[in-house]
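Inspection log for the structure reproduced underneath, given as structure tokens.
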Amino acid sequence: MAKLIDGKQIASEIRAELREQIVLWKAQGHRAPQLTAILIGDDPASATYVSNKMKAAEDVGINSKTERYSTDITEEELINRIEELNADDEVDGILVQLPVPDHINERKVCNTVSCDKDVDGFNERNVGRLCLDMNTLIPCTPLGVQELIKRAEIETFGKNAVVVGRSKNVGMPIAMLLHADGRNDTCAMDATVTICHRFTPPEELKRFCRLADIIVTATGVPGLITADMVKEGAAVIDVGITRVNDPATGKTKLVGDVDFENVRKVAGNITPVPGGVGPMTVAMLMKNTVIAAKNLAGKRKEH
């Protein structure tokens, strides 16, 4: 049976480390880091995500604030508000909960958030810095995956890794962190990486996965990765999260991309859903907010 990688446990360790850092930071005469979230509309999933992030912030000692707007906010109004927050020295991190309504250009919104306060790591300049292996704010889910792999002591150097899914916020940055040079700023993982996606023929997906020492899947397709696709002893990191109806109980439940019960009989390490990558994403958002606060304090000191 595979060893379970407990994302909840690892996330709580990271949060404890951040709590200590913030106590020390305030003891040096600084204010607590401050995170502002912008939530548009009343999508229940988005509201839950934001509420979880704010609870985590309170838990580690970050001051947080959620600004709620109705779906009829114009793009211009939203961008003006982000620019005000960019200019506000009391704010260290800005988070615009995605998706935004259809009449607002998501890319434009992400690029309006100041690179220094972009705790989601979605500004195209921060994405570019990540791709060049430079010091930057890295998107929270990929950073969480990297941290899980490192803390679970899974060897990546020279290993074969397959990333299933090529989204710009998750699959692509995970592939970057897996393959890049560990000697550079992103402390990456030196693996040999194959990226598969919806147009990879199923038999090819299976062939690539069977060669992999590490599989990271982030597609939102339940049961995509089955036991016959996994090499014995491989590490399987499941980023997918989909709400499905459980025929046994008639209620909805959360599942990942991996056929967990069968794959765990073959894999060496595996993350559960829920309780794997999810808590890590929130912990990394807190980490990014602390990093942003320290960087900004340093910049203010220089001026």
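Keep in mind the model is a prediction, meaning the values are calculated, not measured.
- Other residues, nucleotides and ligands place no more than 12 heavy atoms under 6.0 Å from the CD atom of Glu58.
- The cluster map of Ile, Leu, Val, Met, Phe, Trp and Tyr, joined by side-chain heavy atoms under 4.5 Å apart, puts Ile270 and Val255 in different clusters.
- From Asp190, atom CG reaches atom NE2 of His179 across 9.5 Å, with rounding to the nearest 0.5 Å.
- The shortest side-chain heavy-atom distance between Met1 and Lys265 falls under the 4.5 Å cut-off.
- Transitive grouping of hydrophobic side chains (ILVMFWY, heavy atoms separated by less than 4.5 Å) keeps Ile237 and Leu224 in distinct clusters.
- Checked for salt-bridge contact, Lys117 and Asp88 miss the test: no charged N lies under 4.0 Å from a carboxylate O.
- Closest approach of Ala227 to Asn262, counting heavy atoms only: CB-O, 3.7 Å.
- Counted within 6.0 Å of OH on Tyr49, heavy atoms from surrounding residues, nucleotides or ligands total 12 or fewer; the atom is thus considered open.
- Nearest heavy atom pair, residue Ala235 against residue Ile154, reads CB-CD1, 3.8 Å.
- In this structure a side-chain-to-backbone donor-acceptor pair under 3.5 Å is missing from Thr289 to Leu35.
- Environment of CD in Glu77: crowded, with over 12 heavy atoms of neighbouring residues, nucleotides or ligands closer than 6.0 Å.
- A salt bridge links Arg31 with Glu90; the closest basic N to acidic carboxylate O contact falls under 4.0 Å.
- Residue Phe122 is not grouped with residue Ile79 when hydrophobic side chains (ILVMFWY) are merged at heavy-atom distances under 4.5 angstrom, including chains of intermediate members.
- The shortest heavy-atom contact between Val221 and Thr219 is N-OG1, 3.1 Å.
- Counting heavy atoms from C-beta outward, Ile138 and Pro173 have side chains that stay 4.5 Å or more apart.
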Salt bridge (Lys or Arg N to Asp or Glu O under 4.0 Å) assessment of Lys299 paired with Glu302: CA-CA 5 Å; Lys299 283 191 174 182; Glu302 285 167 20; over 6 Å; no
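- Closest non-hydrogen pair, Leu178 versus Ala161, comes out as CD1-CB, 4.1 Å.
- Atom NZ of Lys65 sits in a sparse spot, with 12 or fewer heavy atoms from other residues, nucleotides or ligands closer than 6.0 Å.
- Expressed to the nearest 0.5 Å, how far OG1 of Thr226 lies from CG of Asp257 amounts to 12.0 Å.
- Lys251 places none of its side-chain heavy atoms less than 4.5 Å from the side chain of Asp246.
- Counting non-hydrogen atoms of neighbouring residues, nucleotides and ligands closer than 6.0 angstrom, the CZ atom of Arg198 reaches no more than 12 such neighbours.
- For the residue pair Pro142 and Pro139, the shortest heavy atom distance occurs at CD-O, 3.3 Å.
- The hydrophobic cluster containing Met286 also contains Val145, counting ILVMFWY residues as joined when their side-chain heavy atoms lie under 4.5 angstrom apart, directly or transitively.
- Each of Glu124, Glu76, Glu75 was evaluated against Lys108; a single residue qualifies, Glu75, per the salt bridge (Lys or Arg N to Asp or Glu O under 4.0 Å) test.
- Considering CD1 of Ile215 and SG of Cys209, their distance stands at 4.0 Å, rounded to 0.5 Å.
- Summarising the geometry, atom SG belonging to Cys115 is positioned 9.5 Å from atom CG belonging to Asn86; distances are rounded to the nearest 0.5 Å.
- The pair Arg81-Glu84 counts as a salt bridge, with a side-chain nitrogen and a carboxylate oxygen less than 4.0 angstrom apart.
- Met54 and Ile62 fall within a single hydrophobic cluster, where Ile, Leu, Val, Met, Phe, Trp and Tyr are joined by side-chain heavy atoms under 4.5 Å apart, directly or via other members.
- The shortest distance between side-chain heavy atoms of Leu211 and Lys231 does not fall below 4.5 Å.
- The line from CD of Gln146 to CG of Leu148 is 10.5 Å long, rounded to the nearest 0.5 Å.
- What you find for Pro272 and Phe260 is that their closest heavy atoms are CA-CE1, 3.9 Å.
- Applying the side chain to side chain donor-acceptor pair (under 3.5 Å) test between Asp118 and each of Asn126, Thr136, Asn123 identifies Asn126 as the sole match.
- A 4.5 Å side-chain heavy-atom check between Ile14 and Arg151 finds at least one atom pair inside the cut-off.
- At least one side-chain heavy atom of Glu67 sits under 4.5 Å from a side-chain heavy atom of Leu85.
- Ile149 contributes atom CD1, which lies 13.0 Å from atom NZ of Lys159 (distance to the nearest 0.5 angstrom).
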Worked check of salt bridge (Lys or Arg N to Asp or Glu O under 4.0 Å) between Asp92 and Lys294: CA-CA 9 Å; Asp92 300 307; Lys294 290 181 173 180; over 6 Å; no
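- Annotation for Arg125: atom CZ does not count as buried by contact number, only 12 or fewer foreign heavy atoms lying within 6.0 Å.
- Within the 4.5 Å cutoff, the side chain of Ile214 has no heavy atoms near those of the Val162 side chain.
- By the 4.5 Å heavy-atom criterion applied to side chains, Glu147 and Leu143 are not counted as neighbours.
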